[in-house]
Amino acid sequence: MNKVAELDEFTIHEVLSDLDGIALVFFSGPHCASCHHLKSLLNTEFKKFVDHFHHFAAFEIKADKAAALVNEFGVFHLPSMYLYNDGEFHCELHAEAITTKLIEAIELALTKPAEEEP
């Protein structure tokens, strides 16, 4: 069972605004090995993220199918990750696709003030 849900231009704002807790949103591409690795990691390690943050969700946006969102977020490289907290944009997230590194990066980002949404 996949834990990473897909978002697009029509669902992103409604879905994210209704969320409690942490949401990691990432843009991916069909030929991006790093994107496939990140998605696989989130799917296989999902319980560790949920156990750590209690309320955690992960979402993929396929860049080749969501050009408007790519432009809105100013996506320059893949995968690009964005952190949401209680339905509000928090920041762009930079971390290695390793469970402990992602958790550390999320924790650090949450200690800082939220940034303006792209």
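Everything numeric here is computed off the predicted structure, so don't read it as measured data.
Residues N43 and S40 bring no donor and acceptor atom of their side chains to less than 3.5 Å of each other.
Of all the heavy atoms in F76 and S80, the pair that sits closest is N-OG, 4.4 Å. The two atoms that bring L78 and C35 nearest to each other are CB-SG, 3.6 Å, heavy atoms only. Here the closest non-hydrogen pair linking A97 and L41 is O-CD1, 3.8 Å. The two residues L69 and E9 make their nearest non-hydrogen contact at CD1-N, 3.6 Å. Counting all heavy atoms, side chain and backbone alike, F73 lies closest to Y82 at O-OH, 3.5 Å. Nearest heavy atoms, H55 versus D20: CB-O, 3.4 Å.
Both F89 and L7 belong to a single network of hydrophobic side chains, linked directly or stepwise wherever heavy atoms of I, L, V, M, F, W or Y lie under 4.5 Å apart. Hydrophobic clustering, with ILVMFWY side chains joined whenever heavy atoms are under 4.5 angstrom apart, keeps I61 apart from L42. V25 and V75 fall within a single hydrophobic cluster, where Ile, Leu, Val, Met, Phe, Trp and Tyr are joined by side-chain heavy atoms under 4.5 Å apart, directly or via other members. A single hydrophobic cluster is seen to contain both L24 and V4, as judged by linkage of ILVMFWY side chains at heavy-atom distances under 4.5 Å, directly or through other members. Following chains of ILVMFWY side-chain contacts shorter than 4.5 Å, one cannot reach L19 starting from V50, and the two form parts of different hydrophobic clusters.
For the pairing with D51, the side-chain hydrogen bond (donor to acceptor under 3.5 Å, both in side chains) check across K47, H54, K48 returns one residue only, K47.
Note: N85 CG to L16 CG = 12.0 Å, rounded to the nearest 0.5 Å. The structure places NE2 of H37 at 11.0 Å from SG of C32, a figure rounded to the nearest 0.5 Å. The OH atom of Y84 sits 10.5 Å away from atom SG of C91, with the distance rounded to the nearest 0.5 Å.
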Steps toward ring-ring contact (aromatic ring centres under 6.0 Å, His included) verdict (F46, F56): CA-CA 8 Å; F46 192 78; F56 179 82; 5.8 Å; yes
Chi angles and distances behind the side-chain contact (heavy atoms from CB on, under 4.5 Å) call for M81, L102: CA-CA 10 Å; M81 297 182 288; L102 277 171; 3.8 Å; yes
Checking E6 against K62 for the side-chain contact (heavy atoms from CB on, under 4.5 Å) test, could you report, in this order, the C-alpha distance in whole Å, the side-chain angles of both residues, the deciding distance, and whether it holds? CA-CA 8 Å; E6 191 174 329; K62 294 182 178 179; 3.4 Å; yes
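For K101, there are no salt bridge (Lys or Arg N to Asp or Glu O under 4.0 Å) partners two or more places apart in sequence or in a different chain.
Residues E45 and F49 have side chains in contact (heavy-atom distance under 4.5 Å, counting atoms from C-beta outward). For the pair P79 and S34, the minimum side-chain heavy-atom distance is below 4.5 Å. Contact annotation: the side chain of I103 approaches that of T99 to within less than 4.5 Å [non-hydrogen atoms, C-beta and beyond].
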Show every donor-acceptor pair shorter than 3.5 Å between a side-chain atom in residues 104-118 and any protein atom, with sequence neighbours excluded, or say none if there are none.
unit_1: E107; atom_1: OE2; unit_2: H52; atom_2: NE2; d: 2.4
unit_1: T111; atom_1: OG1; unit_2: L108; atom_2: O; d: 2.6

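No more than 12 heavy-atom neighbours from other residues, nucleotides or ligands sit within 6.0 angstrom of NE2 on H31.
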